[in-house]
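Since the structure is predicted, the reported quantities are computational estimates derived from the model, not experimental observations. Here is how names work: the chains are called A, B, and so on, in the same order as the sequence lines, proteins then strands, and each is numbered from 1.
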There are 2 protein chains.
Amino acid sequence: MESRKIYNRIAILRKEKSLTRNELADKVGVNFQTIGYLEREEYNPSLDLAFRISEVFELPVDLIFSTEPLTPLSQLLTKK
Amino acid sequence: MESRKIYNRIAILRKEKSLTRNELADKVGVNFQTIGYLEREEYNPSLDLAFRISEVFELPVDLIFSTEPLTPLSQLLTKK
DNA sequence: AATAAATATTGTAAATACACAACATTTAAT
DNA sequence: ATTAAATGTTGTGTATTTACAATATTTATT
């Protein structure tokens with residue numbers, strides 16, 4: 001199908017919680033190197049993995065992942 | 001990682017719009033048989049495909065897909 | 001500056017997603 | 001009841017996701 005690249009906020013969200021990739025990987029249930037691949041956006045997560053990450057961060061999938069390059073989360077909070 | 005099964009509302013949403021699988025497949029940009037696989041939940045879509053479907057239906061990913069078996073959408077609209 | 005911890009890179013292998021084809025079955029329309 | 005359209009089933013092939021290992025590089029800590 002020629003899959004589009006999906007952008008994500010994993011690295012920022014992980015740092016907000018002061019987690020290492022290893023720690024996040026444990027919570028999510030994947031290899032720590034998989035977190036690396038995702039943060040570098042070298043490949044897209046499966047839908048299940050996206051959901052696992054969304055559960056760990058307690059945020060909807062659409063807030064963490066996007067088909068468009070991501071602006072900093074803080075920017076989303078400003079009035080306009 | 002042992003991927004969990006993801007449930008979805010594709011069939012209902014498609015029927016609400018009176019689309020055939022072929023028509024939905026065209027909009028989404030996949031083979032019509034892929035829509036079949038997804039509706040039967042025989043495999044999970046990639047994250048990109050989930051986003052494409054979410055774009056076609058103009059609904060967030062989390063409303064269409066879930067790690068839990070899905071209740072009818074109508075039920076979501078009732079007070080309680 | 002030396003060390004340790006974290007992250008990046010490269011490579012191999014397995015599982016899953018997706019395309020596509022051919023045929024069977026079900027559903028809808030006349 | 002026929003026919004046509006839609007959906008299901010089975011199978012093969014390719015691409016992508018993930019695991020894991022080994023080593024290199026970067027960043028933090030002392």
Measure the distance from [atom1] on [X] to [atom2] on [N] and round it to the nearest whole Å.
X: A:Arg40; N: C:dT7; atom1: CZ; atom2: C1'; result: 7 Å
X: B:Leu24; N: D:dA6; atom1: CG; atom2: P; result: 13 Å
X: B:Glu39; N: C:dC18; atom1: CD; atom2: P; result: 14 Å
X: A:Tyr43; N: D:dT17; atom1: OH; atom2: P; result: 8 Å
X: B:Asn31; N: C:dC18; atom1: CG; atom2: P; result: 12 Å
X: A:Glu42; N: D:dT18; atom1: CD; atom2: C1'; result: 13 Å
X: B:Leu38; N: C:dT16; atom1: CG; atom2: P; result: 16 Å
X: B:Phe32; N: D:dA5; atom1: CZ; atom2: C1'; result: 11 Å

Given [options], the nucleotide with the shortest approach to the side chain of [X]:
X: A:Thr34; options: C:dC20, D:dT18, D:dA19; value: D:dA19
X: B:Thr20; options: C:dT9, D:dT18, D:dA6; value: D:dA6
X: B:Val30; options: C:dT7, D:dT7, C:dA19; value: C:dA19

Using a 4.0 Å heavy-atom cut-off across all strands, classify A:Asn22 as base, sugar-phosphate, or nothing. nothing

Looking for any heavy atom pair under 4.0 Å, which part of the strands does A:Gln33 touch: base, sugar-phosphate only, or nothing? base

Report yes if a side-chain nitrogen or oxygen of [X] is closer than 4.0 Å to either non-bridging phosphate oxygen (OP1 or OP2) of [N]; otherwise report no.
X: B:Arg14; N: D:dT7; value: yes
X: B:Ser46; N: C:dT16; value: no
X: B:Arg52; N: C:dC18; value: no

Electrostatic pair A:Lys17:A:Glu23 at N-O distance under 4.0 angstrom: no

Please check this pair: side chain of A:Asn44 against backbone of A:Arg4, looking for a donor-acceptor N/O pair closer than 3.5 Å.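 Checked: pair present.
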
N/O donor-acceptor pair under 3.5 Å between B:Asn22 side chain and B:Phe32 backbone: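 No.
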
Could you pull out all residues at least two apart from A:Tyr7 that satisfy ring pair (Phe, Tyr, Trp, His ring centres under 6.0 Å)?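 Per chain and number, A:Tyr7 pairs via ring pair (Phe, Tyr, Trp, His ring centres under 6.0 Å) with no residue.
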
Want to settle it: does B:Leu19 or B:Tyr37 sit nearer the 5' end of DNA chain D, counting the closest nucleotide to each?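 Its nearest nucleotide being more 5', the pick is B:Leu19.
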
Going from CZ on A:Arg9 to CG on A:Leu70, what distance comes out if it is rounded to the nearest 0.5 angstrom? 4.5 Å

